[in-house]
Amino acid sequence: MFARLTAFLSVAPLFGHFAVPVQIRTLLGGFIAVTFLIAGVGGDVIVPAPFGMFLLLLVKEVGFGLMVGFLTTMLFTGIGMAAQIIGMQSSFGFANVMDPLSREQGNIIDQLYLVLAVLVFLAVNGHHAMLRAIHKSYELVPIGQFFPRTGPEGDALLNQFIVAGTTMFEITLRIALPILVPLFIADIAMAIIARTIPQMPVFLIGAPAKIVIALTLLILTLPALLSAMTDVFDEIFILIMQSMRVSVAS
């Protein structure tokens with residue numbers, strides 16, 4: 001139980017960020033494992049006596065936790081991709097900053113969307129739903145029953161990764177397009193002005209204009225953005241359940 005929980009928390013959204021120390025994730029995984037065990041989860045599991053079989057059981061549980069956590073993180077990443085595209089197209093990319101969570105350079109919009117996503121995730125009790133989902137996993141995929149099939153029988157599990165990848169790009173477009181389309185029209189207008197009036201410094205005028213347009217659109221689309229983030233989290237939990245149902249050994 002501890003192996004599955006810690007593997008899931010190490011890559012899951014919010015819990016798996018670099019801002020959460022490894023010691024905290026380990027203690028949280030141990031606390032949840034003990035709580036589940038007291039509640040009667042996994043109490044009927046027979047631990048194999050040979051050390052090799054026990055080690056294989058640990059590897060299977062770690063693999064299952066990493067798989068589910070990775071699938072959920074892919075959808076969460078779609079929000080970050082949308083923010084990076086918006087930041088680059090709106091000239092906010094000039095002020096690159098270091099993201100303390102991903103330890104990579106990002107832009108101001110990326111930081112804003114990340115904070116909003118975390119706040120919405122906590123506001124809709126996404127962390128509670130995630131813990132309920134991992135609790136449900138012991139019913140759908142009992143300990144030692146995870147079996148990553150290959151070949152024709154493994155198409156169902158492979159499809160979950162394909163669905164997660166396509167949904168990630170769909171989320172990116174869904175969040176970014178309401179702002180990217182007006183910015184694209186602004187680029188076309190700037191190109192026409194630069195063609196008709198070559199003496200005008202379009203670059204010096206266009207960058208501040210695109211920043212103003214982007215800020216205005218961010219304010220106008222904020223309610224829709226929060227609703228879209230809530231839908232993303234709903235899709236995450238649906239994907240978790242679907243991936244669990246196709247991961248159990250037959």
Side-chain angles (χ1 to χ4, degrees), residues 1-48 53-79 117-149 154 156-157 159-161 163-164 167-168 229-250:
M1 293 177 63
F2 177 73
R4 179 185 295 191
L5 281 166
T6 51
F8 174 77
L9 294 176
S10 64
V11 294
L14 188 61
F15 297 102
H17 285 157
F18 290 103
V20 181
V22 178
Q23 296 84 350
I24 300 297
R25 290 199 295 264
T26 305
L27 290 175
L28 181 61
F31 174 76
I32 298 174
V34 172
T35 304
F36 285 175
L37 187 61
I38 294 175
V41 179
D44 55 345
V45 176
I46 300 177
V47 179
M53 297 297 296
F54 176 73
L55 185 61
L56 178 61
L57 180 62
L58 285 179
V59 171
K60 292 176 67 175
E61 292 301 304
V62 169
F64 177 76
L66 291 176
M67 182 201 72
V68 177
F70 176 73
L71 287 174
T72 57
T73 303
M74 287 181 65
L75 301 190
F76 204 89
T77 306
I79 300 176
V118 172
L119 292 177
V120 173
F121 185 77
L122 296 175
V124 299
N125 291 326
H127 53 303
H128 295 169
M130 192 169 293
L131 292 178
R132 287 195 297 269
I134 196 66
H135 178 270
K136 185 71 173 178
S137 71
Y138 291 100
E139 177 183 340
L140 298 176
V141 186
I143 296 177
Q145 297 299 315
F146 172 57
F147 189 73
R149 302 181 183 89
L157 183 57
N159 287 339
Q160 296 303 311
F161 286 90
V163 169
T167 306
M168 179 182 67
M229 288 183 177
T230 304
D231 295 338
V232 169
F233 301 143
D234 292 337
E235 294 177 6
I236 287 177
F237 300 129
I238 293 174
L239 182 65
I240 289 177
M241 293 302 175
Q242 291 177 346
S243 61
M244 290 178 183
R245 291 189 176 95
V246 299
S247 301
V248 64
S250 57

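Only this structure's heavy atoms are used, side chains among them; waters, hydrogens and symmetry mates stay out.
Nearest heavy-atom pair, G29 versus T6, reported as atom, atom and distance to 0.1 Å: CA-CG2, 4.1 Å. The shortest non-hydrogen separation linking V141 to R4 is O-NH2, 2.9 Å.
By the side-chain contact (heavy atoms from CB on, under 4.5 Å) test, V62 pairs with A3, A7, L66, sequence neighbours left out. Judged as a side-chain contact (heavy atoms from CB on, under 4.5 Å), and not counting sequence neighbours, the contacts of L56 are K60.
Contact annotation: the side chain of M130 approaches that of F8 to within less than 4.5 Å [non-hydrogen atoms, C-beta and beyond]. By the 4.5 Å heavy-atom criterion applied to side chains, F2 and L37 are not counted as neighbours. Using a 4.5 Å cut-off on side-chain heavy atoms (C-beta onward), L239 and T72 make no contact. Side-chain contact between M241 and L140 is present, with at least one heavy-atom pair separated by less than 4.5 Å.
The 12-atom threshold is exceeded at CZ of F161, counting heavy atoms of other residues, nucleotides or ligands nearer than 6.0 Å. Environment of CZ in F70: sparse, with no more than 12 heavy atoms of neighbouring residues, nucleotides or ligands closer than 6.0 Å.
With rounding to the nearest 0.5 angstrom, the CG atom of N125 is 10.5 Å from the CG atom of L131. With rounding to the nearest 0.5 Å, the separation of CD in E235 from CD1 in I240 is 12.5 Å. In this structure, M229 CE and I79 CD1 are separated by 5.0 Å, a value rounded to the nearest 0.5 Å. Note that CG of L5 is 10.5 Å distant from NE2 of H135, once rounded to the nearest 0.5 Å. Here the CD1 atom belonging to I32 is positioned 9.0 Å from the CD1 atom belonging to I134, to the nearest 0.5 angstrom.
Residue pairs that meet the salt bridge (Lys or Arg N to Asp or Glu O under 4.0 Å) test with at least one member in residues 7-30, sequence neighbours left out, do not exist here.
Using modelled atom types, one side-chain atom of T73 and one backbone atom of V11 make a donor-acceptor pair closer than 3.5 Å.
Relative ring orientation between F233 and F121 is described as perpendicular, the plane-to-plane angle rising above 60° on a 0-90° scale split at 30° and 60°.
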